[in-house]
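All remarks here apply to the structure that follows.
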Amino acid sequence: MVSIMAPSPRVEVLARSGIDTIPKEYVRTEEELKSIGDIFAEEKVTDGPQLPVIDLAGVSSGDEETRLKCHEELKKAAVEWGVMHLVNHGVPEELMERVKNAGRAFFELPVEEKEEYANDQAAGNVQGYGSKLANNASGQLEWEDYFFHCVFPPEKRDLSIWPKNPADYVPATIQYAEQLRLLTTKILSILSTGLGLEPDRLEQEAGGADDLILQMKINYYPKCPQPELALGVEAHTDVSALTFILHNMVPGLQLFYEGNWVTAKCVPNSIIMHIGDTVEILSNGKYKSILHRGLVNKEKVRISWAVFCEPPKERIVLRPLPETVSEAEPPLFPARTFAQHIEHKLFGKSSTVEEDDDVGLKKPDDI
């Protein structure tokens with residue numbers, strides 16, 4: 001049975017209180033503790049698998065060989081890893097810095113000021129400032145606070161809940177969302193042709209130009225006095241089609257690859273991109289939605305900016321596309337709406353479109 005605990009103090013407040021021992025609700029399971037190490041030491045490891053770096057400089061090159069090489073490298077990373085560093089992605093470095101500066105400035109505000117933007121998860125209002133409530137049987141919490149809101153399309157933004165301080169938060173975030181929306185189309189086009197489909201097919205199946213939604217979650221991971229016992233974000237896959245991540249160059253992201261946790265390096269001016277469950281389902285598992293988690297440390301605050309590109313909750317039915325299915329490769333996933341897929345992940349419900357057409361969304365999987 002899922003337990004919902006009363007909200008704890010903000011993790012930032014706990015971290016600044018001078019505690020030497022973290023509350024038991026933040027201590028991970030015995031099995032998880034076996035694999036939690038020193039994130040700074042693990043980032044320095046050079047042997048073994050490394051998260052691929054994909055240079056998008058040639059993505060639209062007039063030279064066919066250059067263009068196809070770029071497309072093949074991205075497809076290969078999506079098939080083998082489901083996550084990658086993107087460089088030369090077209091999003092201006094200056095804009096990325098503005099987004100990071102604005103988010104950092106918000107979280108540096110007094111907690112009392114941030115609380116003016118607090119969400120109310122119990123009432124189903126997940127947008128705003130918050131800390132994760134326990135949604136697993138053991139009642140565990142994660143070592144993070146966050147700010148979550150819809151950033152695209154414009155008509156779905158609720159600017160009344162966006163931070164007014166710092167002043168550049170709204171314009172920088174809007175411009176960044178517009179850039180990522182363009183990048184989303186570019187990436188989905190490459191992945192679509194990689195499946196032998198028309199360039200716009202995956203995007204259409206995920207909501208199309210009008211209904212694909214971008215939601216931003218700024219994750220704030222305070223210094224942790226016992227990082228060997230905690231997780232910033234527990235192991236999960238993203239429900240999105242694609243997820244784009246910026247961070248403040250403090251390591252923390254780990255990917256579960258070939259049976260081991262691999263630490264993502266900090267690559268300057270890159271955007272980390274995850275393939276989400278939506279694309280994995282549409283591709284019948286050819287593109288991977290990789291299990292990942294976030295570690296914390298006692299030396300530096302880590303902040304990440306995750307933008308989830310998601311289909312509409314009820315209008316789109318997610319199922320393997322016919323072109324990806326054959327007698328030798330039968331469908332790996334049942335037909336579900338996006339809302340049903342989230343319900344299934346959160347609560348283990350097995351509803352499909354055929355079984356239940358009235359499953360509602362409780363809260364985002366990534367909150």
Side-chain angles (χ1 to χ4, degrees), residues 4 7-8 10-12 99-100 102-109 111 113-135 141-166 169-170 172-174 176-177 180-181 184 212-222 231-234 236-248 252-253 272 274 276-278 292-294 301-313 338-339 342 345-346 360-367:
I4 301 296
S8 294
R10 298 298 181 202
V11 178
E12 175 189 358
V99 169
K100 291 194 284 187
R104 185 185 305 113
F106 172 76
F107 275 97
E108 288 174 351
L109 295 172
V111 172
E113 189 168 345
K114 294 195 286 283
E115 290 290 357
E116 296 175 13
Y117 300 93
N119 61 17
D120 185 354
Q121 293 184 53
N125 177 20
V126 298
Q127 293 201 70
Y129 174 60
S131 306
K132 186 169 182 178
L133 301 183
N135 66 347
L141 297 172
E142 297 168 330
W143 195 261
E144 72 153 339
D145 300 321
Y146 65 82
F147 193 92
F148 179 79
H149 56 333
C150 179
V151 295
F152 196 92
E155 62 270 18
K156 293 191 180 296
R157 298 175 187 142
D158 182 0
L159 294 180
S160 69
I161 65 156
W162 289 32
K164 298 173 179 57
N165 185 10
Y169 186 95
V170 171
T173 302
I174 287 176
Y176 180 61
L180 286 188
R181 186 62 186 85
T184 297
L212 197 64
I213 299 166
L214 272 59
Q215 307 206 73
M216 176 184 280
K217 182 175 176 231
I218 307 176
N219 303 292
Y220 183 85
Y221 308 104
L231 285 174
V233 173
E234 63 188 12
H236 67 285
T237 61
D238 291 349
V239 297
S240 58
L242 302 173
T243 303
F244 297 100
I245 301 175
L246 294 179
H247 58 81
N248 64 337
L253 175 65
I272 296 173
H274 286 269
D277 296 352
T278 296
H292 55 284
R293 68 183 186 183
V301 169
R302 181 171 185 263
I303 312 175
S304 68
W305 290 255
V307 174
F308 307 101
C309 307
E310 300 179 349
K313 299 298 184 289
F338 187 56
I342 294 173
K345 288 192 71 170
L346 278 177
L361 173 63
K362 298 294 184 185
K363 61 180 180 178
D365 176 60
D366 303 290
I367 286 297

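Any value given below was found using the heavy atoms of this structure, including those in side chains, with hydrogens, waters and symmetry copies removed.
- Considering all non-hydrogen atoms of both residues, Val239 and Phe338 come closest at O-CE1, 3.2 Å.
- Residues His274 and Leu253 form a side-chain contact, since some pair of their non-hydrogen atoms from C-beta on lies under 4.5 Å apart.
- Listed by chain and number, the residues in a side-chain contact (heavy atoms from CB on, under 4.5 Å) with Lys156 are Cys150, Pro153, Ile213 (sequence neighbours excluded).
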Set out, in order, the CA-CA distance, both residues' side-chain angles and the distance that settles side chain to side chain contact (heavy atoms under 4.5 Å, CB included) for Ile303 and Lys100, then state yes or no.
CA-CA 9 Å; Ile303 312 175; Lys100 291 194 284 187; over 6 Å; no
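- Here Glu115 pairs with Arg10, Val111, Ala118, Tyr129 under the side-chain contact (heavy atoms from CB on, under 4.5 Å) rule; sequence neighbours left out.
- Between Lys345 and Asp277 a salt bridge is recorded (basic side-chain N to carboxylate O distance below 4.0 Å).
- Glu142 places a side-chain N or O within donor-acceptor distance of the main-chain N or O of Glu234, the cut-off being under 3.5 Å.
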Check step by step if side chain to side chain contact (heavy atoms under 4.5 Å, CB included) holds for Val307 and Met216.
CA-CA 4 Å; Val307 174; Met216 176 184 280; 3.9 Å; yes
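- Looking at heavy atoms from C-beta onward, Glu310 lies out of side-chain contact with Thr278 at the 4.5 angstrom threshold.
- Here the closest heavy-atom approach between residue Phe308 and residue Ser240 is recorded as CB-CB, 4.0 Å.
- Rounded to the nearest 0.5 angstrom, Leu214 CG and Thr243 OG1 are separated by 9.5 Å.
- Taking the side-chain contact (heavy atoms from CB on, under 4.5 Å) definition, one finds that Pro163 meets it with Phe106, Phe147, Tyr169, sequence neighbours left out.
- Going from atom CD1 of Ile245 over to atom CG of Asp238 covers 6.5 Å, rounded to the nearest 0.5 Å.
- Closest non-hydrogen pair, Ala306 versus Asn219, comes out as CB-ND2, 4.3 Å.
- A search for ring-ring contact (aromatic ring centres under 6.0 Å, His included) contacts involving Phe244 returns nothing, not counting sequence neighbours.
- Listed for the Thr173 side chain is no donor-acceptor partner under 3.5 Å among the backbone atoms of Val99.
- For the residue pair Tyr221/Asn248, the side-chain donor-acceptor check at 3.5 Å is not satisfied.
- Residue Asp145 holds its CG atom at 12.0 Å from CD1 of Ile218, rounded to the nearest 0.5 Å.
- With sequence neighbours excluded, no residue forms a side chain to side chain donor-acceptor pair (under 3.5 Å) with Arg157.
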What's the verdict on side chain to side chain contact (heavy atoms under 4.5 Å, CB included) for Arg293 and His236, showing C-alpha distance, side-chain angles and the deciding distance?
CA-CA 7 Å; Arg293 68 183 186 183; His236 67 285; 5.7 Å; no
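- Checked against Phe148 for a side-chain contact (heavy atoms from CB on, under 4.5 Å), the options Asn119, Val126, Ile161 give a single hit: Val126.
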In sequence, state the C-alpha distance, the side-chain angles, and the governing distance for His247 and Ile272, and then conclude on side chain to side chain contact (heavy atoms under 4.5 Å, CB included).
CA-CA 9 Å; His247 58 81; Ile272 296 173; 3.9 Å; yes
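- Legend: residues meeting side chain to side chain donor-acceptor pair (under 3.5 Å) with Tyr117, ordered by chain and number and at least two apart, are absent.
- Put simply, the side chain of Val301 does not reach to within 4.5 Å of the side chain of Arg104, judged on heavy atoms.
- Taken to the nearest 0.5 Å, the CD atom of Gln121 stands 8.5 Å off from the OG atom of Ser131.
- The nearest pair of heavy atoms linking Phe152 to Ala177 is CB-CB, 4.4 Å.
- Between atom CG of residue Asn165 and atom CG of residue Leu109 there is a gap of 5.0 Å, rounded to the nearest 0.5 Å.
- A salt bridge between Glu144 and Lys217 is present, with a side-chain N of the basic residue lying under 4.0 Å from a carboxylate O of the acidic one.
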